[in-house]
Student: 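Structure provided below as structure tokens; questions to follow.
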Amino acid sequence: MEGIILFLSTLIVSVIQVSIPFLVKRTVVFGVTVPMEHTNNAVIKRSKKLYSLITGVLALGVLITFLVWSMSTTPTDVQLALMGTMQPMLVIVTSLVLYFYFHVKISKLKKEQRWFEGKKQVKISDLNIRAKDEMLPWYVVSLPILLTIGLMAFTAANYNQFPDQIPVHWGADGQPDAYTDKSVLSVFSLPIILMVLQGMFLGIIELTKRSGIKIRPTNKQASKKRQINLRKYTSWLLLLVSLLLTMLFSFLQAMTLYGNMFDDMMIMLVPLIFMFLTLAGAVVFAIKVGKVDSDLDEVVVTDQDGKVEEYDEDRYWIGGMIYFNKQDPSVLVEKRFGIGMTVNFARPMAYIVLVVPILLILLLSFL
């Protein structure tokens, strides 16, 4: 069973990586802003296909290797878990290497052919679009926090029953492989980390609501729809991940308290199921957002005559991945490669919402 889940998880990661060039905004190619009239450039189309072909062939090879290996041998749970971790990482790393190669290639082509020369670059924002925002309200996203408070109450009520050695790390097979002495902090560390993560998710959703909605002048309608979908399904995905994390951490806490209740198979499967469901949610999210104003959108409407284009913000993107723009008040913006949001590293709030929680979690892990 665990082999099937690992295979499907790697398959999901592979499908997402192969599809990314066709899911991002039509006018952003490998992190490079491209005028609408050049989106069908032969080099661009060939680069997208080549990226997907190489990534897809590698992913297929990885999956076939995994099937042959798992069927011809009798791998242990640890070996299966390690292989299941290495497979998607290999696909992701390879796709990143290809991304940077094509990013440099398209950037050079854009500069050589002067695609934006003579174009009027404009920025458009629509304040009325916020009235159509369908993001989940804060109190819905906060529901998992109530479950975590319940977990903390359960932990406090059963504090004396916790063993003298508390797990602080779990291996690839789901079994604890590192311990620390029992203390209030060690017993409550999982619920506290969970609460920090949930607070971070809530902060991301609230900052997304306050972030600007950038509209592409060459296709305002599709651009608006994509932004609304991005914000809406971001909130849904974060709620799903928050609920799944709550269930996973509650299971780990119960396993610490009632270790004998769970057999090795369940201990192995629960984290794998969590990973699979999270990836499945990411696929649905990518489809819902990526089907609009991308290569998958069959309807192509140009609102302008070709002389007006969206503002070229390439100078604010390091490698097309890292956004740093002091003039943009938004803390979160749409990714240029991949589906979802990324932070504006020029805004201090980005570090408060993302970096501080991570530092707190690391601190709790080492105390």
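In what follows, residues are counted from 1 in the order of the sequence shown.
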Student: Find the distance between CG (L248) and CE (M275) and round it off to the nearest 0.5 Å.
Tutor: 11.5 Å
Student: State, with a plain yes or no, whether a side-chain heavy atom of D181 is found less than 4.5 Å away from one of D164.
Tutor: no
Student: Closest approach of L239 and V140, non-hydrogen atoms and distance?
Tutor: CD1-O, 3.8 Å
Student: Does the ring centre of F324 sit less than 6.0 Å away from the ring centre of F345?
Tutor: no
Student: Taking the side chain as every heavy atom from C-beta outward, state whether S95 and I20 have any pair of such atoms under 4.5 Å apart.
Tutor: no
Student: Is there a side-chain contact between L147 and L243 in this structure, where contact means two heavy atoms from C-beta onward sitting under 4.5 Å apart?
Tutor: yes
Student: Using 30° and 60° as the class limits, which term best fits the ring planes of F337 and Y99: parallel, tilted or perpendicular?
Tutor: tilted
Student: Any heavy-atom pair between the side chains of W317 and I322 that's under 4.5 Å?
Tutor: no
Student: Return yes when atom NZ of K225 has more than 12 non-hydrogen atoms of other residues, nucleotides or ligands closer than 6.0 Å, and no otherwise.
Tutor: no
Student: Looking at every non-hydrogen atom in both residues, tell me the closest pair between G61 and T65 and how far apart they are.
Tutor: O-OG1, 2.7 Å
Student: Under 4.5 Å between side-chain heavy atoms, hopping through other hydrophobics if needed: is there a path connecting M321 to V32?
Tutor: yes
Student: For the backbone of L136 and the side chain of S235, can you confirm whether one donor and one acceptor N or O come within less than 3.5 Å of each other?
Tutor: yes
Student: Going by atom types only, do T180 and Q165 share a side-chain donor-acceptor pair under 3.5 Å?
Tutor: no
Student: Are any of the side-chain heavy atoms of I192 and M195 separated by less than 4.5 Å?
Tutor: no
Student: Same hydrophobic cluster for V355 and I318, using side-chain heavy-atom links shorter than 4.5 Å among ILVMFWY?
Tutor: yes
Student: Please tell me if the side chains of R226 and S294 come closer than 4.5 Å, counting only heavy atoms from C-beta onward.
Tutor: yes
Student: Check the pair L363 / L359 against side chain to side chain contact (heavy atoms under 4.5 Å, CB included), numbers first and verdict last.
Tutor: CA-CA 6 Å; L363 182 62; L359 291 176; over 6 Å; no
Student: Would you find a donor on one side and an acceptor on the other, under 3.5 Å apart, between the side chain of T208 and the backbone of I204?
Tutor: yes
Student: About how many Å separate CZ of F201 and OG of S142, when rounded to the nearest 0.5 Å?
Tutor: 13.0 Å
Student: Distance from S250 atom OG to L151 atom CG, nearest 0.5 Å?
Tutor: 4.5 Å
Student: Do V141 and W138 share a hydrophobic cluster, counting only Ile, Leu, Val, Met, Phe, Trp and Tyr and linking them when any side-chain heavy atoms are less than 4.5 Å apart?
Tutor: yes
Student: For A350 and V343, which heavy atoms make the closest approach, and how far apart are they?
Tutor: CB-CB, 3.9 Å
Student: Is E134 salt-bridged to R231, cutoff N-O under 4.0 Å?
Tutor: no
Student: Which heavy-atom pair separates Y179 from P176 by the least distance, and what is that distance?
Tutor: OH-CG, 3.4 Å
Student: If you compare all heavy atoms of Y159 against all heavy atoms of V184, which two are closest, and at what distance to 0.1 Å?
Tutor: OH-N, 3.4 Å
Student: State, with a plain yes or no, whether a side-chain heavy atom of T234 is found less than 4.5 Å away from one of M341.
Tutor: yes
Student: Taking it one step at a time, do Q198 and L194 satisfy side chain to side chain contact (heavy atoms under 4.5 Å, CB included)?
Tutor: CA-CA 6 Å; Q198 291 168 339; L194 180 59; 3.7 Å; yes
Student: Between F30 and Y51, does the ring centre distance come in under 6.0 Å?
Tutor: yes
Student: Side chain of R26, backbone of D293: donor and acceptor closer than 3.5 Å?
Tutor: no
Student: On a heavy-atom basis, which atom in I106 and which in S47 lie closest, and how many Å separate them?
Tutor: CD1-OG, 4.1 Å
Student: Quick check against the 3.5 Å criterion: does S52 have a side-chain atom that pairs as donor or acceptor with the backbone of K49?
Tutor: no
Student: Quick check on the hydrophobic clustering: are M349 and V356 connected, directly or via other members, by side-chain heavy-atom contacts under 4.5 Å?
Tutor: no
Student: Side chain of R347, backbone of K326: donor and acceptor closer than 3.5 Å?
Tutor: yes
Student: Can you establish whether the number of heavy atoms outside F162 located under 6.0 Å from its atom CZ is more than 12?
Tutor: yes
Student: Please determine, by modelled atom types, if T33 and E313 share a side-chain donor-acceptor pair under 3.5 angstrom.
Tutor: no
Student: Within the supplied structure, the quantity of interest is the number of heavy atoms (other residues, nucleotides, ligands) at a distance under 6.0 Å from K182 NZ; does it exceed 12?
Tutor: yes
Student: Using the rule that Ile, Leu, Val, Met, Phe, Trp and Tyr join whenever any side-chain heavy atoms are under 4.5 Å apart, tell me whether L252 and I166 fall into a single cluster.
Tutor: yes
Student: After noting the C-alpha distance and the side-chain angles of I44 and K105, does the key distance pass the side chain to side chain contact (heavy atoms under 4.5 Å, CB included) rule?
Tutor: CA-CA 9 Å; I44 288 177; K105 182 177 181 178; over 6 Å; no
Student: Please tell me if the side chains of Q253 and F249 come closer than 4.5 Å, counting only heavy atoms from C-beta onward.
Tutor: no
Student: Which word best sums up how the rings of H103 and F100 line up, parallel for under 30°, tilted for 30 to 60°, or perpendicular for over 60°?
Tutor: perpendicular
Student: Calculate, to the nearest 0.5 Å, the distance between atoms CG and CD1 belonging to L11 and I16 respectively.
Tutor: 10.0 Å
Student: Measuring from N229:CG to F285:CZ, what's the distance to the nearest 0.5 Å?
Tutor: 9.5 Å
Student: For the side chain of N344 and the backbone of N325, is there at least one donor-acceptor N/O pair under 3.5 Å apart?
Tutor: yes
Student: Apply side chain to side chain contact (heavy atoms under 4.5 Å, CB included) to the pair H38 and V34, showing each step before the final yes or no.
Tutor: CA-CA 6 Å; H38 291 286; V34 176; 3.7 Å; yes
Student: State, without any angle test, whether S186 and S183 hold a side-chain donor-acceptor pair at a distance under 3.5 Å.
Tutor: yes
Student: Quick one: does S211's side chain have a donor or acceptor within less than 3.5 Å of a partner on L332's backbone?
Tutor: yes
Student: Do the side-chain N and O atoms of Y316 and D314 include a donor-acceptor pair separated by under 3.5 angstrom?
Tutor: no
Student: Quick one: pull up OG1 in T256 and CG in N158 and give me the separation to the nearest 0.5 Å.
Tutor: 12.5 Å
Student: Side chains of T342 and E334: is there a donor and an acceptor less than 3.5 Å apart?
Tutor: no
